[in-house]
Amino acid sequence: MEATKVLDAKGLACPMPIVRTKKAMEELNSGDVLEIHATDKGSKSDLTAWVKSGGHTMLKEAEEGDVFKFWIQKA
């Protein structure tokens with residue numbers, strides 16, 4: 001999947017993946033896609049809830065080893 005920006009949040013504990021995601025999304029335009037790589041198991045539920053509350057779209061989720069990957073399209 002083609003991403004406008006990639007955010008490396010590996011090794012960060014809650015709530016930092018969300019904090020970094022929010023900051024990265026502020027730099028994108030509507031319709032842009034942010035790819036996030038995280039290792040915190042809580043990031044899956046946290047990002048899903050954050051995406052819904054912000055009106056964004058979770059395009060895809062994947063798990064590669066101990067890395068969770070998310071593709072979020074900005075509203």
(message) Using every non-hydrogen atom in the two residues, find where T21 and L47 come nearest and quote the distance to one decimal.
(response) OG1-CD2, 3.7 Å
(message) To the nearest 0.5 Å, what is the distance between CD1 on I36 and CH2 on W71?
(response) 10.0 Å
(message) Can you give me the closest heavy-atom contact between S43 and A38, atom names plus distance?
(response) OG-CB, 3.6 Å
(request) Check side chain to side chain donor-acceptor pair (under 3.5 Å) between E61 and all other residues, then give those that pass, not counting sequence neighbours. (result) none
(request) Heavy atoms only: give me the nearest P17-L7 pair and the separation to one decimal. (result) O-CD2, 4.5 Å
(message) Could you see if V6 belongs to whatever hydrophobic cluster contains M25? Use Ile, Leu, Val, Met, Phe, Trp, Tyr and a side-chain cutoff under 4.5 Å.
(response) no
(request) Sequence neighbours left out, what pairs pass salt bridge (charged side-chain N to carboxylate O under 4.0 Å, His left out) with at least one residue falling in residues 18-43? (result) K5-E27
(request) Give a yes or no on whether the backbone of G11 and the side-chain of T39 come within a donor-acceptor separation of less than 3.5 Å. (result) yes
(message) Please report the interatomic distance CD1(I18) to CG(L12), rounded to the nearest 0.5 Å.
(response) 11.5 Å
(message) Tell me if a side-chain donor or acceptor on S30 pairs with a main-chain N or O of A75 at a distance below 3.5 Å.
(response) yes
(message) When you measure from the side chain of E63 to the backbone of F68, do you find a donor-acceptor pair of N or O atoms at a distance under 3.5 Å?
(response) no
(message) For residues L28 and L59: do they belong to one hydrophobic cluster (side chain heavy atoms under 4.5 Å, members Ile, Leu, Val, Met, Phe, Trp, Tyr)?
(response) no
(request) Determine yes or no for a side-chain-to-main-chain donor-acceptor pair under 3.5 angstrom, with T4 supplying the side chain and V33 the backbone. (result) yes
(message) If I take atom NZ from residue K74 and atom CG from residue L34, how far apart are they, to the nearest 0.5 angstrom?
(response) 10.0 Å
(request) Report yes or no: does H37 contribute a side-chain atom to a donor-acceptor pair with the main-chain N or O of K69 at less than 3.5 Å? (result) no
